[in-house]
**Q** 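Shown below is the structure under consideration.
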Amino acid sequence: MSNGGNLAALLPLLIFMAVMIGIGFYVRQVQARGFGKNFVQQYFIGNHDLGGFVLAMTTVATYSSVSSFVGGPGMAWQIGFGWIYMAVVQVTAIFLVLGIFGKRVALLSRKFDAVTVVDIIRERFQSDGLASMAAFIIVLFFCATMTAQFVGGAKLFAAVTGYSYEMGLLLFGLAVVVYTTVGGFRAVALTDTCCALIMMVGIVLLLYHVLLAGGGYSNLMANLHLNHPEMFEPFSGGHMPAGLYLTQWILVGICTIALPQSVVRGISYKDTASLHKAMLIGTVVVGFMNIGINFTGILAHGVLTGDLASYGGVDNIIPKTIVTVMPPALVGLAIIGPLAASISTISGLLIVASSAIIKDVYLHQQHKKGREPGTKQLRLLSMLATAVIGVVVFIIALTPPSLIWIINMFAFGGLETAFFWMLLLGLFWRRANKLGAILSMGGGTVVYCLTQGMGFKVMGLHQITIGITASLLFFLLGTYLGKPQDERVLNEFFPHRKNE
């Protein structure tokens, strides 16, 4: 690397990570006096107190993973303007996640004193087995996603700074585990806000220097028109088939509204005004970031003129672009943006995975036995669970898999298959019942994983199309064969609706 072992590139990252850890300890100190009986709410959802701006930023962060900031633009570099479509899809998704599930989940969580998505599932379907299955699936697929984020961030660090992959993994892995463990959800929300702002600055910096290196926008576009005219076609000369438009609309678009890490944001906001503000801000910000970074990836093809193999694959396009176009003094600042995407994603997943273990499994079992763990014990166990999950994923990432984009999409598809119909139909369809939810989550997830493992596809479409279809069919089968839910429960969830 031209900037191998560049201390100037390392220092901004060290400062950034120190600030993130500092926020975690600051939040811990501020909240220490208020834990008491509200520790679980404080640690896992910030005590239902997020304002509109912070809610928007932390929701945006769940969509802005390192794969979006590295793999996505890398694909855009190869495919062209068709990839902007993916960014537009995510703009729609973030509006829907707050608009469809946000208020509904918030009202239900306050009604049932729910802290997690699994709490709401348990109340709706009156099934501990279903709740335990949901918690297991969350932890399983979250670990896969977090592994992809750790690997992507560490690879980016190594490619841009010249230091080792292991060093990058240790530095930012340690930072994110520490501040999440110490500060809980509120620390995650505040650091997400910082990360989102830094991502936007990083995109502007990188886009500016790509334009500068390519001789300006007109020159870059003329170069692309001359050498890569297929990049301006809707199907990119066959590289962007119609099926990819469909599956990506499902995988990174509409079905993301049911991702647990997205839905939990609806539990945490303060009031309706905050939600409406978050919908507006979040939609604008995620649009700017995703369209901006994918557009940057497209323009980078006018600067990196070799073939994909010469750069080591899709995941290396953005790191190589940063090294090529950015002045050495700004390299450290430039990579904070995509690393912030990785860090914010990991921290959000960590806290939800931890809540699945402590709140949804351990604490529920204790309450069934008539026990009430003390605040000190809950604090210790919650922090321990968060730290252990982070360390396990860190260890897995020490032997990095390739193609972080594919790993991330696999985990997205698994979570969407498991939760999409169960949450959508469960929260908005009175007739939905326990058997339908169990068959949908269990059967759909198994079908999805089997087809992924065998590489089986229908008409070349991503396996999410099989998983989501199987999940719906299982849900309908169970609903019409199983017993109706207890009328008392239905009246709690649908108080103003008559029986169907």
Side-chain angles (χ1 to χ4, degrees), residues 39-41 43-45 62 101 105 108-109 112-147 180-181 184-185 188 258-268 346-369 371 373 377-378 381-393 410-424 426-427 434-446 448-449 467 471 474-475:
F39 169 77
V40 172
Q41 286 196 4
Y43 190 78
F44 291 123
I45 57 170
T62 67
F101 283 119
V105 168
L108 291 173
S109 68
F112 300 113
D113 198 25
V115 173
T116 68
V117 176
V118 177
D119 280 339
I120 295 174
I121 292 171
R122 180 183 283 112
E123 289 289 341
R124 172 64 177 89
F125 296 107
Q126 298 293 298
S127 172
D128 286 345
L130 178 64
S132 297
M133 186 194 305
F136 173 77
I137 288 174
I138 285 173
V139 174
L140 177 66
F141 284 110
F142 275 18
C143 284
T145 304
M146 285 187 283
T147 298
T180 305
T181 299
F185 184 86
V188 170
L259 290 173
Q261 63 267 41
S262 302
V263 177
V264 75
R265 267 60 188 175
I267 299 177
S268 61
I346 294 170
S347 63
L349 298 178
L350 263 179
I351 200 66
V352 177
S354 175
S355 70
I357 294 173
I358 300 300
K359 175 63 175 68
D360 299 326
V361 178
Y362 170 75
L363 193 56
H364 179 71
Q365 290 301 318
Q366 293 299 304
H367 287 165
K368 285 180 67 176
K369 296 175 182 178
R371 301 172 185 169
Q377 182 182 2
L378 280 175
L381 289 175
S382 299
M383 294 174 67
L384 182 63
T386 305
V388 168
I389 294 170
V391 171
V392 168
V393 173
F410 164 72
F412 263 47
L415 290 166
E416 290 163 358
T417 297
F419 287 93
F420 182 75
W421 295 115
M422 185 177 60
L423 287 174
L424 186 65
L427 297 184
K434 179 173 71 174
L435 181 59
I438 291 174
L439 291 180
S440 177
M441 172 172 278
T445 304
V446 169
Y448 173 76
C449 290
S471 179
F474 280 128
F475 198 106

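The residues of the chain are indexed from 1 along the displayed sequence. No hydrogens, no waters, no symmetry mates; every other heavy atom, side chains included, goes into these values.
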**Q** If you define the side chain from C-beta out and look only at heavy atoms, does anything of Phe112 sit under 4.5 Å from Ile120?
**A** no

**Q** Going by the rule ring pair (Phe, Tyr, Trp, His ring centres under 6.0 Å), which residues pair with Tyr362 if we only count those two or more places apart in sequence or in a different chain?
**A** none

**Q** To the nearest 0.5 Å, tell me how far Gln377 CD sits from Arg371 CZ.
**A** 10.0 Å

**Q** Could you measure the distance from the CD atom of Gln261 to the CZ atom of Phe412? Nearest 0.5 Å is fine.
**A** 6.0 Å

**Q** Taking distance alone, no hydrogens or angles, what donor-acceptor pairs closer than 3.5 Å link side-chain atoms of residues 414-421 to residues at least two apart or in another chain?
**A**
residue : atom : partner : partner atom : Å
Thr417  : OG1  : Gly413  : O            : 2.8
Trp421  : NE1  : Ile468  : O            : 2.9

**Q** Under the side-chain contact (heavy atoms from CB on, under 4.5 Å) rule, collect the residues that match up with Ser127, sequence neighbours excluded.
**A** Leu130, Lys434, Ile438

**Q** With a cut-off of 3.5 Å and sequence neighbours excluded, list every side-chain donor-acceptor pair involving residues 348-360.
**A**
residue : atom : partner : partner atom : Å
Ser354  : OG   : Ser382  : O            : 3.3
Ser354  : OG   : Thr386  : OG1          : 2.9
Ser355  : OG   : Val352  : O            : 2.7
Lys359  : NZ   : Asp119  : OD1          : 3.0
Lys359  : NZ   : Asp119  : OD2          : 3.0
Asp360  : OD1  : Thr116  : OG1          : 2.5
Asp360  : OD2  : Thr116  : OG1          : 3.3

**Q** Mind listing the closest non-hydrogen atom pair of Ala134 and Ile121 along with its distance?
**A** CB-CD1, 4.3 Å

**Q** If you compare all heavy atoms of Gly426 against all heavy atoms of Arg124, which two are closest, and at what distance to 0.1 Å?
**A** O-NE, 2.5 Å

**Q** According to the ring pair (Phe, Tyr, Trp, His ring centres under 6.0 Å) rule, which pairs have a member within residues 126-145, sequence neighbours left out?
**A** Phe141-Phe410

**Q** Say you draw a straight line from CE of Met422 to CE of Met441; how long is it, rounded to the nearest 0.5 Å?
**A** 3.0 Å

**Q** OG1 of Thr145 to CG of Leu140: how many Å apart, nearest 0.5 Å?
**A** 9.5 Å

**Q** For the pair Val117 and Leu423, evaluate side-chain contact (heavy atoms from CB on, under 4.5 Å) and give the outcome as yes or no after the intermediate values.
**A** CA-CA 9 Å; Val117 176; Leu423 287 174; 4.1 Å; yes

**Q** Which residues pass the side-chain contact (heavy atoms from CB on, under 4.5 Å) test with Val392, sequence neighbours left out?
**A** Val388, Ile396

**Q** Could you pull out all residues at least two apart from Lys368 that satisfy salt bridge (Lys or Arg N to Asp or Glu O under 4.0 Å)?
**A** Asp128

**Q** Tell me, please, which residues at least two apart from Ser440 pass side chain to side chain donor-acceptor pair (under 3.5 Å).
**A** Ser471

**Q** Please give me the minimum heavy-atom distance between Ala131 and Arg122, naming the atom from each residue.
**A** CB-NH2, 3.4 Å

**Q** Got a second to check how far Leu108's CG is from Leu427's CG, nearest 0.5 Å?
**A** 6.0 Å

